[in-house]
Structure formats: C-alpha cells, structure tokens
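Counting starts at 1 for both ligands and their atoms, in listed order. Bear in mind that the values here come from a model prediction, so they are computed numbers and not experimental data. Along the sequence shown, residues carry numbers from 1.
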Amino acid sequence: MPYVVLGVSGSIAAYRAGDLARELMRRGFTVRVCLTDGAQRFVSPALFEGLTGQPCLVDTFEEPERGRMAHIDWARQAAALVVAPATGSTLAKLAHGIADDMLTTIALAYSGPLVVAPAMNPTMYGSEPVRAAVEILRARAAAFVEPDAGEVACGEQGEGKFAGVERIAEAVQAVAIRARLLEGQRVLITSGPTREPIDAARFLSNRSSGKMGAALARAALLLGAEVTVVSGPASAPLPIECTVIRVQTAREMLEASLEALRQSHLVIGAAAVADYRPEAAVDGKIRRVDEPIDLRLVPNPDVIATLAEKAGGSARVVGFAAEPSGDLDVVREKLRRKGLHAVASNDISLPVIGFESNNNALTLVFADGRVEESGVRSKLECALWLLESLSEPV
Ligand code: C5P
C-alpha cells in the first residue's frame, strides 16, 4: 500500500482532515498524519492514530521507531505529501523552505509530488504573501485543490472554504498515478551550454542557463523515471536523485551521451550545443596585437542527431529548438534532418520565456505531424507537460 503523508495545519477545517484520511485509506493509501501546533488546537493525534492505525507526529524530534529519523523516513517513503488544510503560514513556510516544525521539516526532506488544499479567511487567502507563496509552489508543480467560495467559519464571504474531501482525494490519486507514468523508464537529458576553448583562458559559449534541462530532470523524476543528465557548465542546480555527467565541449557531450544511450528509453536534447568550435585551441593565452586576428571555426558534431541515428528505434529521441520566430516549417525541417521523434520549439524572441527565464512556452511538433502547445508555464510545468505529452498513446 503506498504511503501518503497528510500534513494538517491550524485551520478550523482541520476537523475535516479525519474524513480525508479515511477517504485516502479507502482509495488504497496508508495514511501517516502530521499535525502542526496550530492544528493541535482543533484536533488531537489520538484521533488520527485511531483512524489510521499509524503514529501521528507533531514534534520535530519524535521518533516512532527509535534511532530512525522520522522526518527522513516519512519523506522517503511517501508517494505524495498532502497538506490539507493548508494555512497561509504553512503555505509561506513551504514556499520558502522554513522548517520549524515536523510538517515543514518533512516537506523540506521530500522531493515527490505535493498536493495542497488551502483553507483560510478570504482576506488572508487573497493577501499578497499568500498569493506569492501559491505562485512559488505552483512553479514547483504543486497540485492545488482550490478552496471553494462561500461563507467561511468567521462569517466572511469569499474564497477560502476547504475543498471537498472527495476532490482532494481525487487529486492525491491523480498525482500518485502520474508519479508512476515513467516507472521503469530511463531518461537521458542533455543540458546547459557547451564551452569550446579558444585558448587556455577563453572559450566560445552561449546564454543557456541549464534551467530547462534541470526542470526536465526534476519532472522525469517526479514521473518515476531514472534520470541521467549530461550537462555542460550550467548554473542551474540539478536534482541530487539523478546521475549527472559533467562535460565541457560538444565532443565530450556526445561521447558521454553515447555511453548513456545504451540504457535509455527516452532521450531529450535540451542542451544548447555550440554548432562550431575553434579549429584548434591555442596553448597558453592569445596575446593582444593591434590588428584583426582570424578565428577559424569548424562544425561540431550534432549530438542529438547522432544519438537518434545510433538509437535506431531503441529509444525515442526528442530535440529542442530555440527559434527566433514561431516558424514551424523550420522546426519540421530540423525534425526530419535530425531523425527525431519530436521537437519542442520555443520562440526565444518572446521576452517572457527562454534562456535565463523561469518560464517557457513549448510547441511540440511530432514526426507524425501532430502539433501541441503548452502555453506559458514555469519551466518545471512545461517539462511535466512535455513528458506527459510524449508518453500519451497516439
Ligand atoms: O539546429 P538546432 O541547434 O536549433 O537544434 C537544436 C536541437 O539540436 C537541440 O535539441 C540541441 O540540443 C540539439 N543539438 C545538438 N548538437 C548540436 C546542435 C544542436 O545536440 N551540435
């Protein structure tokens, strides 16, 4: 039975978390409940222990199994973390990584799917800090079960009523199913820029931050895949759960990717590979002279096209195309020339997306002619959308 951790925070709606726990159990989950101090004003651990047959945690240092750190065990074993009801304070703590009680400590140790069902006074729910926290958590692909509108406990009218138990349980079931979408699949991602040395101190490179590759890695992990990332020198942090092979040049990226290709089911080329490299890197440093100098560039191997050729149908190979216009004919030509299963194109002339941005908007063009649009979303949401679109049966 998959575990879910149900985190209950201090809203009056905490009294309904018992029903939610039962509903999740009916749907096949083993439910482990964690209460904040605020929640304890409304409900007690004894209630949840009785309902679930599992220990209910409150204190950060509680250890139901002696010598085992519960916050780590619970975080590792959970198929989903459900925070319901989520107060404004708990939302803000989740958004900013403040771990000052057991629930938020588990949340910080946890990297799987998160479901959040807020419940609070409508003015609090509409407040700037809560809106900002919701936006941060959405960008991290948290599934929000929106509160209902109506009269809340304090008598005010507006949005903030705890969503129905059924609706929350359905959302939990949906994310738990989604978390197994790529189970047993090995995904290889190329990411970041490459650096092509000119001399000992200088190189040719580009503006790729590696954020899209990192988002793809996180998304593939969230969908249950095993992930290898071959990454050029990029600043975006990669999830610790994936295997990372660091490279500098396009030729190193090709070599490392060919090695990883053998075990891969899906390959995604998100790297911004330099198309050209200096013919020969100069030993030492090129000294300044007061006249033009020539830098002769030779073409680099096309990493993704080579991977598609070598995969020969054993893996689906998908490319990216950073295009300065929305011209899909250019994308289709690229797809054919490189022998890819699909190409995810983004229009880099749009200021709100691309390169260092946290957002993107993808047009996914398939070899069979289908075209799908993600709309503007965070890079992580785009990555999840992309992987889900790729795994849909035609
Ligand atoms: O032709 P263009 O560079 O726009 O193609 C983009 C796609 O090809 C991306 O998936 C990129 O990772 C890949 N690519 C590559 N090796 C190159 C150039 C591009 O893998 N030398």
[X] side chain to [Y] side chain, donor-acceptor N/O pair below 3.5 angstrom:
X: Glu309; Y: Thr306; value: no
X: Thr194; Y: Gln248; value: no
X: Glu372; Y: Thr363; value: no
X: Asn359; Y: Lys379; value: no
X: Asn346; Y: Glu323; value: no

Quiz item: Which option out of Ser208, Ala271, Gly319 puts a heavy atom nearest to atom 11 (C) of ligand 1?
Solution: Ala271

Quiz prompt | Nearest-option assignment for atom 15 (C) of ligand 1, heavy atoms, candidates Val317, Asp302, Asn300 | solution = Asp302

Tell me which protein heavy atom sits closest to [atom], plus the residue, atom name and distance to 0.1 Å.
atom: atom 20 (O) of ligand 1; value: Ile304 N, 2.7 Å
atom: atom 10 (O) of ligand 1; value: Gly269 O, 2.6 Å
atom: atom 6 (C) of ligand 1; value: Phe320 O, 2.8 Å
atom: atom 17 (C) of ligand 1; value: Val273 CB, 3.4 Å
atom: atom 18 (C) of ligand 1; value: Asp275 OD1, 3.3 Å

Taking only heavy atoms of [X] into account, list the atoms of ligand 1 that are under 4.0 Å away from them.
X: Val303; answer: 15 (C), 16 (N), 17 (C), 20 (O)
X: Lys334; answer: 1 (O), 2 (P), 4 (O), 5 (O)
X: Lys338; answer: 1 (O), 2 (P), 5 (O), 6 (C), 7 (C), 8 (O), 13 (C), 14 (N), 19 (C)

Quiz item: So is Ala272 polar-close to ligand 1, meaning N/O to N/O under 3.5 Å?
Solution: no

Self-check item: Within-cut-off N or O pair, Ala322 and ligand 1, under 3.5 Å
Solution: no

Quiz prompt | Sole residue of Leu81, Val31, Val82 in side-chain contact (heavy atoms from CB on, under 4.5 Å) with Val5 | solution = Leu81

Quiz item: Can Asp19 and Arg22 be counted as an ion pair, charged N to O under 4.0 angstrom?
Solution: no

Quiz item: In terms of side-chain geometry, is the basic nitrogen of Arg246 or Glu252 positioned less than 4.0 Å from the acidic oxygen of its partner?
Solution: no

Exercise. Report yes or no: does a heavy atom of Pro301 sit under 4.0 Å from some atom of ligand 1?
Key: yes

Quiz item: So which heavy atom on Gly28 is nearest to which on Met1, and how close?
Solution: O-SD, 3.0 Å

